[in-house]
Q: 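Dropping the structure in here first, questions after.
Chain naming here is simple, since letters A, B, ... match the order of the sequence lines and numbering starts at 1 in each. These numbers were taken from a predicted model, which means no experiment stands behind them.
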Amino acid sequence: MAKRIVVGLLVLVAAAGGAFAAGQGERAAATDGDIHIALSAPITGDWSEYGIGFDRSARMAIDQINADGGVLGGRKFRLSVGDTEGNPQMGTTLAQRFTADRTIVAQIGPFASSTAMASQPIFDAEGMVQLSPTASHADFAGGSRWSFGIVGTQAGEGPFNARFAYEHLGLRRVAVLHLNNDFGIDSAYYFSKAFEELGGEIVETDFYFDGERDFTAVLTKLSRTNADGLYIVSFYNDGAAINLQRQRLGWDVQVLGTGSLYNEQLIALGGDSVEGVCTATVFYADDPDPRVRRYVEEFRSRYGVTPSFHAAVAYDAMMLLADAIERAGSTDRAAIRDALAETVDFEAVAGNVTFTPEGDAVKSYRRLVIYNGEFRLFDEVGLPRR
Amino acid sequence: MLFVQQLINGIAQGSLFALLAISFAIVYGVMRLVNFATGSLYMIGAFSGFFIVRYVVRDVFVAIFAGAVAGYIVAFVLEKLAFKALRGVARIASLICTIGFSVFLNELAAVLFGSEVKSMPAFYGQTAFRITGVAVSWLQVVMVATAATVLIILQLFIYKTKMGLAIRTVSLDYRTAALMGINVDRTISIAFSIAGAMAGIAGVLAAVYYNAVAFNMGNLPGLKSFSAAVFGGLTSIPGAIVGGYLLGIIENFGVQIISTGYRDIIGFIVLVAFLLFRPRGILGRKTSM
Amino acid sequence: MRLLEVQDLVVYYGHINALKGISLSLSEGHFVTLIGANGAGKTTLLNTITGGVQATSGSVLFREEPILNERSDLIVRKGIAHVPEGRKVFPELTVEENLRVGAYSIPQKKKVAELLALNFDLFPRLAERRRQEGGTLSGGEQQMLAIARALMSDPEVLLLDEPSLGLAPLLVEKIFEFIVQVNKLGKSILLVEQNANLALHVASYGYVLETGRVVKEGPAADLLRDDAVRKAYLGIA
Amino acid sequence: MILDMRQVRKAFGGLVAVNNVDLTVQQGTIHAIIGPNGAGKTTFFNCVTALNPADSGEIVFEGTRIERLPTHIINRKGIARTFQNIRLFPYLSVLQNVVVGTHNQSSAGILASVLHTPRFREEERQMVEFAMSLLQQTGLVDKKDIYARNLPYGDQRRLEIARAMAGRPKVLLLDEPAAGMNTTETSSLEAFIRRLKDDGLTVVLIEHDMKLVMSIADVVSVIDHGVKIAEGTAETVQNDERVIEAYLGKRKDT
Amino acid sequence: MKLKSIRPAFVSFVLRYRVPFAILLGVLLVAYPWIVRNPYLLRVATNVGIAIILASSLNIIIGFSGLFSLGHAAFYGIGAYTSALLATRLGVPFWLGFPAAGIVAGLFGTFIGFATLRLRAVFLAFTTLGFGEITRIVILNWRDFTRGPLGIAGIPVPRLFGWSFTREANYYLILLLCAAVILFVYRIYHSRLGRALIAIREDETAARSMGINVFGYKILAFTIACTIAGLAGSFFAHFQRYVSADSFVADESFRIITMVALGGTGSITGPIVGAMILELFPEVFGFLAGYRQVIYGAVLITVIVLKPGGIVGVKGVFEKPRATRRSWIAQALLPRFNGGTR
């Protein structure tokens, strides 16, 4: 037995040595004046759809910047992508790998709040920017001076949606159905609070876990309340399923949801059941703004699909980082952080970015409605006739 | 009426669980193996149904047939690739193999077909008809009817045909079965493939019912229907059917009474409690098929 | 004509040498018995013939065709039926289903029906209980079922492994009467038995096995008179 | 009287394997149980060791009732056994098999095992020493390091006895110890069993090898179809008409 | 296979110079942080350490006792949450939270063991799987206590005499823990307890007849394994400084059982090798991007089909003689055996 242990441990040493060599190799290859950015995202696993969206947007942003002449007088960007698999522990290992690589100046990502939170202590200790396009955990941006979130906290979106519901849609009694994760809990909380402050009533709140496909039971339950509106906090695929099943149960109710619904797949999946569903978003693909046009058109021509909200924020993150590096005038990690913190009204495709002292973005939202099978601005078209 | 509505919801969902639970039960019956790749076969069925409807013909029943065929073929290949060699070897090896296949198939689907959720075209309108305040959709009717038909055909196959007899015999005692002139390898292979077809059919039905197809769609139903199969004692097909429908119904009532948040474990909790008192499941006998 | 011929068969279970070079033969229509104490290797021999155990060396010929280490179901299809030790009736199949499984290798439905009728004739008890599950039968009925099931494949050779095991003496005699009847139908029989007296009374030729070796063989009547056989069993001087 | 069984009965479904059997084993004797295959002898052992507890009846060992106790407690009280179809630990070495047998002789807990306390080491040393002495007696000492499954049949039987002896039992139940042994092996087994008796051990033995039974058994009980049909010295039993009939079948006059 | 022919020579070479090798290895492991001087590789090593502890502990259940558990991540999670909650809510230092985590996880293990160890193996597997899911969902739903999906952030690093454990110190801590666990498992294996467990695995009936309290020992094995998993959880919580239910999903249980089975069930080194492979695979093959998991699945299947007992499994124990027919994989990759089988 002893001999087996010795052999086994030898293999350990050999493997560790191999990994070390690999790490060293990567470092040596990166001394050519390029600015090295890391992207941490779930490329495989349950969240890979979003991770791949991150990957596409970030690459596209870099290509655009490089094509436009780069930053700091012609220096180009280079991207290293790491896969978190949606597993927080993998995310922290990546964080350590990126921060240990001195050629990397900042990280974009990760996608999930749990991974962002888990890797936060590393960025804090090592002193490198972690700019997450999507992490909206209430403690995230405030947890470290090196952590920034640009998606906008739910403290902004929730009240906006509450006013949308109360003032524009005239809802008074709303049932809430939310995804049970940090984003869902916060969204539901801020929405409910604001809605009640406006004078409305939350008649029932229920939640579900990621991966759920069958909402008939919970919708049956909610439909037996006297709600005149349903507020859903979910991703587009769940949103579509909820509406399809709601329609099949014959529950005719005004639906309003978070910006995470904004994805053309919602309409493809949901068909006519999502007609009239409202949402507020910071990104609108048909926005005539030239920056949005350039982004959307190039994304479509490259990948054949319309970018979703999640892809757009990743693009913004990369663009914002480039802007901050230009403003910092250096690739020093601390200088980039300071420049980033001073961002005021950065013009982004998914809503302009101004950071709060904590590092959260304050965003402006647009009201959207699904009208005749497409996303339209609510203020232009109003609700579709039923 | 609320009770009836949730019951109907539960039966519709239970149809899916029942088909998957049968898949578990058949494989466990002939191989004494818990097949954690069942959810992946469900996913493969869903994808083949999706491609048929998208690119070939917009017909639910053709899609269901395609799902069954795809599930059958993939299961057949899995069995030939790996499980055949692992017969008689410690069960943990086969178990790990099913986990490996589940990872492999899911991620392969993600790479080949993309990881975003695909939308299945809608069938049978979406309009519900109502009987005294209870909404039943045509889709629910079609789904339950299809599941029932498949279950009856399977039952006839197992109890009335020669191959069905061989499968039952092999599940009881494969050594003696060989002495009866039954080709045990081939019988196991066929049973495993049929289990794959069951999962494939469930996958197409799910794709139609939820209008969505995704590479990881099988993970949760796969895990949950394992508990439905255990409910029936793991080797009994009628037990698995009852277990599947019960699970669907219990879950829906659980959501009504407690919360959706506990939905995924309601089955587990009921079952774990149950096992403590009746370790063989409800209907399961020692080795019945 | 030699129907079944076993030559120098050697079998190891891991490192245990269970059969140490056994030779025997069975001619068409004959009734041969193989007697010996527990652990002598009788069951191993039958299992080796029908492919349940892999042999290390030696050969088994059926109609001069080598069948050693073939797959069990293929051997059975050639015309060898094996009634295993402990009967191994399928407890949750009905009597009729048990019999139909026995006829698995026969594709013609008509022939299966004929064989079914024949066996119900032979074993009227089984006809009465055709819808009953195999597991609910008594020991003697199960033994009959096991024999009938083997006959359902319409074999040329019937291998019987301790049909008397665990049965009351009266029943044992009855079972043996059936076996003789089967032999008279033209089936060749290789019977493994420890009830030496009975076995040697019904068989025409016998082999005595001891720890994996044939120690004695001869016409059954001779063996019956042989004191060595009595000695092997009871140590009676 | 070290072991006394009264009206022990055990049925499996409809089959009554042991039917109200009385059996008394005297201290320091070799008591053989014989009978045809399927007579219920092994079931009887399983009742005594509670692997298949008896349905009814009493089993008294050294004055205390044991029929309701679990198997491992019965072993600790001093009844050890071997198995008809050899149940060694196939992937443990010969020595390890015997050391496992000393389980009820030792008491080291997790802490002692992990910390390697002097007491633990002393205990381990004693266990190994004792196991080695048993291997010495059974002639397996040269093979102590090979896997039990790689032993020849006869050695496996002997190893099983050595393993049973490692628990220092007062009664040893041997289930067909000579099965599959050749004549030399059997005679050395015979000597070994005699030595055990001389050391004061009580041996109950199920055996088909009549030569062995007749030469060493003090008392022979005959069981057929779950019923005790005869009992007495070897000679009496040998000439009992019912016994001969049970064994060879009814003698038909030819 | 190639490995097979190399191994004996390699093993005998290593055996011959066992002492110098052991010293060299010890020195290398101790000097590792100073050799690599890279916090990333240090973190990878630390992750490997956690995985080794988890796999080694599960091996006590699966490899030694021959039982199934598909819920090991639950006990790991219970340990992590116990320690995290004690630290963040009550300010309990790591050094007290650590044993507490082990005790709580162990108590849960005892309870589950009592409830299910009498059942057939497949039901035990099911119950542990179910318990894992129940644990995860309860963590997510019991928001007042566990903060639900928000997870627990701000878990302090272990401190000793005013000195905080970061980077190297963490590495040495896990190195020490790992060494302790391996030694613990090794000594259990070679003690009365280990022998009893292995006897149960090999033949439960015979073990019972040798005076071994089978049920009691199974529970003991289960409890020990769960306690160790809980300890690993505690370390993980203070190392990562944030815990959420995402880390303790059913897939994590599958990952741990895969480490054990891939490396080799029942041996001491098997789980170590398995843990290293599974931890290092994504790091080394990161460049495969989306295809990595596909390849991982394929490699896993191939290895298991060719070596069902795992890479360094105890010979024969979980690798019974194979059936006469081989699968397509085996036919393609294994040279034909001569003679014997067809």
Q: Looking at OG of A:S48 and CD of E:Q293, how far apart are the two atoms once the value is rounded to the nearest 0.5 Å?
A: 9.5 Å
Q: Is A:D139 in contact with chain E via its backbone, its side chain, both, or neither, using a 4.5 Å heavy-atom distance?
A: side chain
Q: Is A:I52 in contact with chain E via its backbone, its side chain, both, or neither, using a 4.5 Å heavy-atom distance?
A: neither
Q: Taking atom OH of E:Y291 as the centre, does the number of heavy atoms from other residues, nucleotides or ligands within less than 6.0 Å exceed 12?
A: no
Q: Decide yes or no for E:R43 and A:R97: does some side-chain heavy atom of the first lie under 4.5 Å from some side-chain heavy atom of the second?
A: no
Q: Taking the side chain as every heavy atom from C-beta outward, state whether E:R292 and A:E85 have any pair of such atoms under 4.5 Å apart.
A: yes
Q: Measure E:F239 against the heavy atoms of chain A and call it side chain, backbone, both or neither at under 4.5 Å.
A: neither
Q: Using 0.5 Å steps for rounding, measure from the CD atom of A:Q89 to the CD atom of E:E279.
A: 5.5 Å
Q: Step through the shown structure and confirm whether more than 12 heavy atoms of other residues, nucleotides or ligands are within 6.0 Å of OH on A:Y189.
A: no
Q: Under the 6.0 Å and 45° cation-pi test, does A:R102 pair with E:Y40?
A: no
Q: Suppose the criterion is salt bridge (charged side-chain N to carboxylate O under 4.0 Å, His left out): which pairs have a residue in residues 115-128 of chain A, not counting sequence neighbours?
A: A:E126-E:R167
Q: Of all of E:V249, E:I137, E:V243, E:N141, which one pairs up most often with chain A through heavy atoms under 4.5 Å apart?
A: E:N141
Q: Working to the nearest 0.5 Å, report the span between CD of A:Q96 and CG of E:L42.
A: 7.5 Å
Q: List, one per line, each side-chain donor-acceptor pair under 3.5 Å for residues 108-116 of chain A, sequence neighbours excluded.
A:
| residue | atom | partner | partner atom | Å |
| --- | --- | --- | --- | --- |
| A:S113 | OG | A:S136 | N | 3.4 |
| A:S113 | OG | A:H137 | N | 3.4 |
| A:S113 | OG | A:D182 | OD2 | 2.6 |
| A:S114 | OG | E:D246 | OD2 | 2.6 |

Q: Heavy-atom pairs under 4.5 Å with chain A: which of E:T46, E:L140, E:I50 has the most?
A: E:L140
Q: Where do E:N38 and A:A100 come nearest, in terms of heavy atoms and distance?
A: OD1-CB, 3.3 Å
Q: Using non-hydrogen atoms and a 4.5 Å limit, figure out which bit of A:F207 sits close to chain E: side chain, backbone, both or neither.
A: side chain
Q: Between chain E and each of A:I43, A:T93, A:V81, count heavy-atom pairs under 4.5 Å; write down the option with the most.
A: A:T93
Q: Can you name the nearest heavy-atom pair linking E:Q240 to A:P121, along with the distance?
A: O-CG, 3.8 Å
Q: Do the side chains of E:E252 and A:N87 get nearer than 4.5 Å, heavy atoms only?
A: yes
Q: Could you pull out the closest heavy-atom pair between A:I185 and E:R143, with the gap in Å?
A: CD1-NE, 3.4 Å
